[in-house]
Amino acid sequence: MTDREPTTRRGRIRIEGFDEHATATNTDHVQSNRSDLDAVSDRRDELDRRTTVDRLPTGGRSTRGGRNLDSGVGNKTGLEASWGRFRSNRTALFGLAIVAALSVLALFARPLEFSAMGYTLTVQPFSLAPYDPSELYVGPSNAGPSLAHPFGTDWAGRDLFSRVLVGGRYSLSIGALAVTLALCIGIPLGAIAGYFGGWIDETIMRLVDTLYAFPFLVLAIAIVAILGPGYWNLIVALVVTGWLTYARLLRGEVLSIVETDYVEASKALGTPHRTIIGRHVVPNAIGPVIVQATLNVGSVVLAAAALGFLGLGLEAGTAEWGTMLARGRSSLLQGHWHVTVFPGMAIFLFVLAINLVGDGVTDALDPRRETGRRDR
Amino acid sequence: MTDAPLVRVEGLEKRYTTSDGLLERLLGTGQTVRAVDGVDLEIREGETVGLVGESGCGKTTLARLLVGLDEPSAGTVAHRGIDPSERSRRERRRLRTTVQYVFQNPSTSLNPRLPVADLVGEPLAVHDVVPPGRRDERIGELLETVGLEASHANRYPHEFSGGQRQRIAIARALAVEPELLVLDEPVSALDASVQARVLNLLADLQAEFDLSYLVVSHDLSVVEHVADRIAVMYLGRIVDCGTPAQLFDGGAHPYTEALLSAIPEPDPLWEGERIVLEGDVPSAIDPPSGCRFHTRCQKLIPPAGYDLDSDTTRGLVALRADLEDLAAGEASAGGPLEALRPSSAERETSGEPAETASVRRTYDLPSTLSDPDAEAELSGALEALAAGAVEEARSRLEAAFETPCESRRPELRPVNEAGSARRRIACHRFDDRFERRLEAGDDNRAPDSNERRR
């Protein structure tokens, strides 16, 4: 620079010949550069170190690496990372174990057979329950727990242990079916309402508001009263009252997801609305709904039991936990405690376990918990 | 290059209404924001057009209209002479592939739950560009085109750096083989070394696929580097349009000059003039009359019949605008009245009435205007103001000093410069009818900018 005079000329100082290759190796290992082998290997090392700590052999790393292997937190899909977080949560695993155990007990309580056109196909031949749950007078009526009848017998001499085991089939399947069907209604409606907005949103959400105006149980009772008792009618009642929460929850989430750039980007690509909803909007908005649904399985089972207790669930005499409680009320007054305690315990255990699982799912789906768990 | 432009925008307008809710809609009390207000623009094949302007001037809205993310309120966007809004839905979707959009922030424009293969594969599947069997192969090709590796396809966006993510976003846009890429602040979210690399990539891609770009940015140095032509927007209108060399050569719209003067210069000996615009961008709900820039313009055209310089005109217009606010009863407009209460020291020194002298000082007006007729009008108005007659002062000023900048909307007209048929400026200064009123030597910037271009 010979010219030391102040000047109004711009651009006397500038960078000539920006060397992309040199800067790629020096400043930014992560930046890929195909032509430079060193840069590529460097970058790979860097990437591997950065993102795949949890997949290293446990021997060479410190305990931190080992723990990461356990929790499975890292660069995998959101689902796998969530499962890793869930697995590290002991109470949630405990709950899941109880749910699994109850399901297995219910499944293997009596043989499953399907009869059609004279043929009988036995799907599941095991029978854990010692007696047929509806067989009368397999023992004395209202007998207390004994070796022959671990949970005692009810007023008609039916074996309570068998009835509680088989009753799990009703309660668990009602819980699972009602929640699944409610999700099948709530998720599409909520997503459509939130995504399209306008009068579609107004229509769906006003319908939700209207149904929300009724207390949950009262509405379910009204529906059962109209349709009459029965397994499927009970599920219909629980679905009609259950989808509202999911629709409202999902709509709220969708409203924020629709604003994001990646949804806009998809629109700019010309992706059809249904693909955008299915691929981009719902998967990113579904988290809270999953949590709510898991927790709701418990309350649905409780509601089914409550309806059963009110005599509005399944037909009297069915081995469903709530119905059994209702029938046991008179026996309880006579001092036969075991008739209500065991079905009640079963309901309690299942709902508790589901709530533990639900809490675990809440934590697992919340990525903000990730660091906290890893550092523990 | 063919004669038909790739994209031709004519009279494009986008209005947003602030009324939400049934009641406001029924009463019609909502206000209209004119985000884009009559824009004409052409983008030719293989051309890079830069779109610059302050925040809120409608750059992004214009870009979104081009891609079809928003529907225009008026005007047309024609692709090779075809207006998509007249076509069927299916045809529209096909036309959509000719223009693609790259977002500012690559970390939000990629769905975090999908691997790169799905992200890049989405446009391929939607538009059926490549049969399903060959899709993986094509995804690998695209990734390599933008400087990534085919093996990156099963990774997730969060495993990449910012620059790499922007490359993925570009690969995604390229998947449908577009002719025009609209880049909305493509490198603003990246750090400087990565910015350069992404810009180089864009230049390579342009050479390889003969792409056109519309680069939306507020970073003039980026736009100057990449653009063949720059369009400057102010409050929803394009006020200046030309090649970077033409813009930097001086003789540009006053707003462009102000923008250019704001580019940081690393030269410690540089003593260029820094034009500081006063005030904020006016609201697009109630834009200024005439030239929208006149409220902040440093080079207003003097009122007809008087011989005044730009600074004086500026002061007169500012004084009148404040008086107008005052007359309308706006609380914030206390300027002229405060100026009417001079300190006691000023009272003693000044010969003429202290109040009016103080007002003149506040608005940078000389104690005696160079033109005697103008001086007579001004002192008359100031006396009225000192006497408390705000409305009278205002109307006197309005009658006497009206610049064409306020009353007439300047058209975006070609400016005849040697060898530049496409240089267009929307400013009365470049209109022959007003030219004679400008003093000579008013707009001479140092003509050295040619050397600055690479």
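The figures here come from the full heavy-atom set of this structure, side chains too, leaving out hydrogens, waters and symmetry mates. By convention in this document, chain letters (A, B, ...) are assigned in the order of the sequence lines, proteins followed by strands, and residues within each chain are numbered from 1.
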Engineer: Which atoms of B:L69 are under 4.5 Å from chain A, going by heavy atoms: the side chain, the backbone, both sets, or neither?
Structural biologist: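 Only the side chain of B:L69 comes within 4.5 Å of chain A.
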Engineer: State, yes or no, whether a side-chain contact exists between B:L110 and A:Y262 at a heavy-atom distance under 4.5 Å.
Structural biologist: no
Engineer: Using non-hydrogen atoms and a 4.5 Å limit, figure out which bit of B:R64 sits close to chain A: side chain, backbone, both or neither.
Structural biologist: side chain
Engineer: So B:D118 and A:R279, do their side chains get closer than 4.5 Å, heavy atoms only?
Structural biologist: yes
Engineer: Do you know which two heavy atoms are closest between A:G270 and B:V126, and how far apart they sit?
Structural biologist: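 Closest pair (atom of A:G270, atom of B:V126, distance): O-CG1, 3.5 Å.
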Engineer: Can you tell me if A:E264 and B:S109 form a side-chain donor-acceptor pair at under 3.5 Å?
Structural biologist: no
Engineer: With a 4.5 Å cut-off on side-chain heavy atoms, are A:H280 and B:L114 touching?
Structural biologist: yes
Engineer: If you look at every heavy atom in B:R172 and A:S266, which pair is closest and at what distance?
Structural biologist: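 The pair with the smallest heavy-atom distance is NH2-OG, 3.6 Å.
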Engineer: Hey, are A:N284 and B:N111 close enough side-chain-wise for a donor-acceptor pair under 3.5 Å?
Structural biologist: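 Indeed, the side chains of B:N111 and A:N284 share at least one donor-acceptor pair under 3.5 Å.
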Engineer: Between B:H127 and A:L269 (side chain of the first, backbone of the second, donor and acceptor by atom type, cut-off under 3.5 Å), is there such a pair?
Structural biologist: yes
Engineer: Indicate the atoms forming the closest heavy-atom contact of B:R113 with A:P283, along with that distance.
Structural biologist: NE-O, 3.3 Å
